[in-house]
Amino acid sequence: MKAAPKHWVVLPAAGAGRRFGSAVPKQYLPLGDRRVIEHSIAVFIEHPLIAGCIVALSPGDEWWQETAYVDHPAVVRVPGGAERFDSVANALAALANQAAADDWVLVHDAARPCLTTADLDRLLAALIDEPVGALLAVPMHDTVKSAEEAFGARVERTLPRQQLWRAFTPQAFRLGQLRDALAYCRAERMAITDDASAMEQLGLRPLLIEGRADNIKITRPEDLPLAEFFLEQQRRQEQR
Ligand code: CTP
Ligand code: MG
C-alpha cells in the first residue's frame, strides 16, 4: 500500500525587508513575547500533521541563531537566494532528499506571523483528494483600479471585484509539481511573486480557501503594531 503523503513546510525568510526599512530584517523583529519568525514557525511545529520545516535564510543571516528554533530537530536551515522564488526553490531542493515527490509542501512567508491553527486546519483539510493544491486567500472588499502605467496615477479602469481574491500563505502543492513549476518559470524568466502563480503557468488551477483577513504579511512599519493587535485578539478569543 502506498504511504499517505506527508506535509512539509517551507518558510522563505531570506528577504532584507527593503519596504519595511529596519536595520534588523522584519522577520526578526520582536512581536509580543517572541520574534516575528518564531510566531510564523510555531503554528506549524505545534501541529501534529506537519513532518518538518525548512527555513531559507540569507547567507549573511546573524539573527537565526538567536531564535528558539535554532536547535529544533524538525527545523532545518538552507541558504536562501536573490528572490523569494530562489529561496523557495533552494528549500525544495533540500527537501527532496527526505520527502517524496507527491508529499505536500506548504510554503509560508516568514513575515506572516498571525496564521491561526484553524486556518491551517482548513487548508490541510482541503488537500485531501485535491489534485492540484490550495492556498489561503481573502475575497477583495475594496474597489480595485488598474492604472494606465505601472506606477502611474491615472485610472485606466475598474476591475470587477467579484472575482478578485488576495492571495495569502500558506500555499500547498505537491513537492514534485512545485519544483517543476518553479523550474519552468525560471527557464522562461517569469517574475512570480507567489507559488500558486508558478503552478498557474503550468496550466493548473489551485483551489482558493477563504482564510482570515488578519493573516497579514508584515511589509511596512505600520503592519507590525497591527500584527501585535491581531495576535492579542486571537489570544483573547483562544484562537492560538
Ligand atoms: N524572501 C526570501 N528570499 C528573498 C526575498 C524574500 O526568502 N530573496 C522571503 C521574505 O523573508 C519574506 C517572504 O519571502 O518572509 C515574503 O517576501 P517580502 O514580504 O517581499 O519580504 P522582503 O523581500 O524581505 O521585503 P521587501 O520586498 O520589502 O524587500
Ligand atoms: Mg520582497
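In each ligand, atom 1 is the first atom listed, and ligand 1 is the first ligand listed.
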Student: Distance to the ring centre below 6.0 angstrom and angle to the axis at most 45 degrees; does that hold for R220 and F20?
Tutor: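 Ring-cation test returns no.
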Student: So, do P79 and L57 sit near enough that their side-chain heavy atoms are less than 4.5 Å apart?
Tutor: no
Student: Does the side chain of C114 reach to within under 4.5 Å of the side chain of Q234, using non-hydrogen atoms?
Tutor: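 Yes, close enough: below the 4.5 Å cut-off.
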Student: Considering heavy atoms of the protein only, find what lies nearest to atom 22 (P) of ligand 1 and give residue, atom and distance to 0.1 Å.
Tutor: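 Its nearest protein heavy-atom neighbour is G17 N, 3.7 Å.
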Student: What protein heavy atom is closest to atom 7 (O) of ligand 1, reported as residue, atom name and distance in Å?
Tutor: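 So the nearest neighbour among protein heavy atoms is A14 N, 2.8 Å.
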Student: Would you say A82 and ligand 1 have an N/O pair spaced under 3.5 Å apart?
Tutor: yes
Student: Under 3.5 Å, is there a donor-acceptor pair linking the side chains of E156 and S146?
Tutor: yes
Student: Looking only at protein heavy atoms, which one is nearest to atom 9 (C) of ligand 1, and what is the separation?
Tutor: P12 O, 3.4 Å
Student: Heavy atoms only, cut-off 4.0 Å: how does E83 contact ligand 1, side chain, backbone, both, or neither?
Tutor: backbone
Student: May I ask you to check whether S40 and R112 show a side-chain donor-acceptor distance below 3.5 Å?
Tutor: no
Student: Measure from atom 18 (P) of ligand 1 to every heavy atom in R18, H108, K26, Q27 and give the option owning the shortest one.
Tutor: K26
Student: For ligand 1, which atoms, with element, lie under 4.0 Å from some heavy atom of A111?
Tutor: 15 (O)
Student: Side chain, backbone, both or neither: which part of S58 comes within less than 4.0 Å of ligand 1 when only heavy atoms are counted?
Tutor: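 S58 to ligand 1: no contact under 4.0 Å from either part.
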Student: As an exercise, identify every atom of ligand 1 less than 4.0 angstrom from a heavy atom of G81.
Tutor: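 Matching atoms, with element in brackets: 4 (C), 8 (N).
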Student: In a check of side-chain contact (heavy atoms from CB on, under 4.5 Å) between T116 and each of R122, R212, Q237, which one passes?
Tutor: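 Testing each of R122, R212, Q237 against T116, the sole residue satisfying side-chain contact (heavy atoms from CB on, under 4.5 Å) is R212.
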Student: So that I can tick it off, tell me whether D109 and K26 are bridged by a salt bridge, with the cut-off set at under 4.0 angstrom between side-chain N and carboxylate O.
Tutor: no
Student: Report yes or no: does a heavy atom of D109 sit under 4.0 Å from some atom of ligand 1?
Tutor: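 In this structure, D109 qualifies as a contact of ligand 1 - some heavy atom is under 4.0 Å.
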Student: Here's one to test your reading of the geometry: is the NZ or CZ of R35 within 45 degrees of the ring axis of W63 and under 6.0 Å from its centre?
Tutor: no
Student: Any idea which atoms of ligand 1 are less than 4.0 Å away from a heavy-atom of A16?
Tutor: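 Those atoms are 24 (O).
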Student: How far is atom 20 (O) of ligand 1 from its nearest protein heavy atom, and which residue and atom is that?
Tutor: R19 NH2, 2.9 Å
Student: With atom 11 (O) of ligand 1 as the reference point, say which of G15, S40, A56 has the nearest heavy atom.
Tutor: G15
Student: Check for me whether G80 has a heavy atom closer than 4.0 Å to any atom of ligand 1.
Tutor: no
Student: Atom 4 (C) of ligand 1: which of K217, R84, R220 has the nearest heavy atom?
Tutor: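 Heavy atom nearest to atom 4 (C) of ligand 1 belongs to R84.
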Student: Can you see whether D61 engages S58 through a side-chain donor-acceptor pair at a distance of less than 3.5 angstrom?
Tutor: no
Student: Taking D86 first and then R186, would you say they form a salt bridge - that is, a charged N and a carboxylate O separated by under 4.0 Å?
Tutor: yes
Student: Counting only nitrogen or oxygen atoms and a 3.5 angstrom limit, does S87 reach ligand 1?
Tutor: yes
